[in-house]
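Shown next, in structure tokens, is the structure this report addresses.
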Amino acid sequence: MRRLNNWVGPLLFGLLIYVSVDNYGYSMHGYNRQVAGYVFIAAATLLLFATLTGRRFVNLKPTLPFAVALATSLAISTWNAANPGLAINRLPLYYAVALLGIGFYLAHRDDETNPVWRYFTVVPLVHMVFLVYVIFYLIRIQSEPDPTFRWFPNFANIRHFAYFGFISAACATSLFALTRKLQSTAFVLTTASLFGIVVLGARGALLAWVVYAACFALFCERRTRFLLFCAAAVVVASAVVFYLGETGLLRTPSLFVWLEPGGSGFMVTDRLAIWLDALRAIIARPFFGYGAEGYITSRCCNPHVSQPHNFILQFLLEFGLVGVALMVATAWAMIRTCGGVKALWVNLHSEPGFLAVSSVLAGFFAYALIDGLFYYAIPLTHFALFAALLLSGMSKGERGQIPSCNPTFDLKSA
């Protein structure tokens, strides 16, 4: 029964993501409010569990002043927003995601076993459901003219599906290092996730996964074994996509199409104009920004996109220099409360689950520098989970209670 209880949180999160993706709406603003409702329910469930089991914050004093100042700054940004109605419509998503992160942190801070591998098993399994759906859809439309330019099923928009694909691939790859029992499963899930990334031409997702793998390999001493696993997965996935494309069995805007002569490859030149326009808008209102949805309401940039494809510019547009500075200060206060840089360093060298979460977040932030992972609801919800697992892992390390996760290799002595 106790082992079954350990799966409640991961299964709850998997259900949340499945319902959110499956009910994707064509109206982005309405969809964000819809997902916020699902996230509120999940957060309330976790907070109720934390209350009933007596899990509380140990020390709020270092963080609380910054959190209050941040909330005040966001209120000022919303009050002075270029479009207060649109700004208020987005705030519930941010609030719900913050509560979800708090709920997961409290739920797992005192765990005796490491929950990371369970979450990293559920996340790619949920992704597989939608990957299979998209592949069958692509097969079905092959007989139609120009199938690669058809609009995919609502949740399979190339950007949104790429975000989920990166997260799935990184989590699945981590399983190889976190548990011996699931190494074969990890290879299948990693290869399938990478197949989805390559077949849909998600260049940013592939680069983010490479960043994740590099960060993980940097701190694991048996990096050769890990890198061979990564190389095998990406080679198999790419070979299958190449074969399907060359034989005409599956025509898609794959990565190989982007790399053909005349394709843009891995260049981000299309982003430069948006970034420059966004910077001009930030300079015009530098302190408190334009409120949530600041990219749209500032009317600064390309009207055909809804976010600046860079999370730093996004938050500067929305909440200004004051808001972003307080975000950083609040995050740093949380890290210091959980043990600071020392706890980070110790855990990276001693706890594979913590290393996996940290590496996924490194890839996440790298990807968010060129795309909208902090704008769309699904990756933002995953970020709340990863941040909570990171901080709860630091808290365990600070108290000398690093839990066992039956790692494939010992990072100290391997």
Side-chain angles (χ1 to χ4, degrees), residues 10-26 28 31-32 34-35 38-39 42 93 97 100 119-138 151-175 186 188-213 233-234 237 241 252-255 307 309 311 356-357 359-361 363-368 370-387:
L11 292 176
L12 173 66
F13 184 77
L15 178 62
L16 169 65
I17 297 302
Y18 176 83
V19 171
S20 299
V21 176
D22 191 51
N23 288 278
Y24 179 86
Y26 288 103
M28 182 54 61
Y31 176 63
N32 285 336
Q34 183 179 350
V35 173
Y38 301 148
V39 176
L93 178 62
V97 166
L100 184 70
Y119 284 100
F120 280 22
T121 302
V122 170
V123 168
L125 287 176
V126 174
H127 177 63
M128 291 302 107
V129 175
F130 298 104
L131 177 61
V132 170
Y133 183 95
V134 170
I135 295 305
F136 276 102
Y137 175 82
L138 289 171
W151 187 260
F152 291 160
N154 48 14
F155 60 79
N157 177 289
I158 181 64
R159 293 184 303 277
H160 307 174
F161 200 66
Y163 302 158
F164 202 1
F166 153 67
I167 293 170
S168 173
C171 290
T173 306
S174 298
L175 281 179
V188 172
L189 293 176
T190 302
T191 304
S193 299
L194 290 172
F195 171 83
I197 288 173
V198 176
V199 80
L200 292 177
R203 298 160 294 169
L206 183 61
L207 289 175
W209 178 78
V210 170
V211 171
Y212 148 81
V234 75
V241 174
T252 66
S254 72
L255 187 62
Q307 42 87 20
H309 295 81
F311 77 99
V357 174
S359 301
V360 171
L361 282 172
F364 193 101
F365 278 108
Y367 198 175
I370 59 171
D371 222 321
L373 275 76
F374 282 93
Y375 180 80
Y376 295 105
I378 300 302
L380 196 57
T381 304
H382 281 87
F383 176 77
L385 170 68
F386 299 146

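Keep in mind that this is a model prediction, so the values were computed, not measured.
- Distance check: Ile378 CD1 to Ile167 CD1 gives 9.0 Å after rounding to the nearest 0.5 Å.
- Taking 4.5 Å as the limit, every side-chain heavy atom of Ile17 sits out of range of all side-chain heavy atoms of Val123.
- Scanning all heavy atoms of the two residues, the minimum distance from Ala172 to Ala186 falls at O-CB, 3.5 Å.
- No close placement of the Tyr212 and Phe365 rings is indicated, their centers lying 6.0 Å or farther apart.
- Ring geometry for Phe364 versus Phe374: interplanar angle over 60°, hence perpendicular rather than tilted (30 to 60°).
- Taking all atoms of both residues into account, the shortest heavy-atom contact from Leu12 to Ala42 is CD2-O, 4.2 Å.
- Annotation: Phe386 is not in aromatic contact with Tyr119 [ring centroid separation under 6.0 Å not met].
- Contact annotation: the side chain of Leu373 never approaches that of Phe311 to less than 4.5 Å [non-hydrogen atoms, C-beta and beyond].
- The ring-ring contact (aromatic ring centres under 6.0 Å, His included) test applied to Tyr18 returns Phe130, not counting sequence neighbours.
- A search for side-chain contact (heavy atoms from CB on, under 4.5 Å) contacts involving Ala356 returns Phe120, Ser174, Leu178, Phe216, not counting sequence neighbours.
- Looking at heavy atoms from C-beta onward, Val234 lies in side-chain contact with Leu206 at the 4.5 angstrom threshold.
- Here the closest heavy-atom approach between residue Val35 and residue Ala377 is recorded as CG1-CB, 3.7 Å.
- Here the closest non-hydrogen pair linking Leu125 and Thr121 is CG-O, 3.2 Å.
- Nearest heavy atoms, Trp209 versus Thr190: CZ2-CG2, 4.4 Å.
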Contacts table for residues 192-200: side-chain donor-acceptor under 3.5 angstrom, sequence neighbours left out:
{"residue": "Ser193", "atom": "OG", "partner": "Ser168", "partner atom": "OG", "Å": "2.7"}
{"residue": "Ser193", "atom": "OG", "partner": "Leu189", "partner atom": "O", "Å": "2.8"}

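- Across Tyr376, Phe164, Tyr367, Tyr163, a single residue satisfies ring-ring contact (aromatic ring centres under 6.0 Å, His included) together with His382, and that is Phe164.
- Listed here is the closest heavy atom pair of Val39 and Leu16: N-CD1, 3.9 Å.
- Side-chain contact between Phe13 and Val122: absent, with no pair of heavy atoms (C-beta onward) separated by less than 4.5 Å.
- Side chains of Leu93 and Leu380 form a contact here, defined as non-hydrogen atoms less than 4.5 Å apart.
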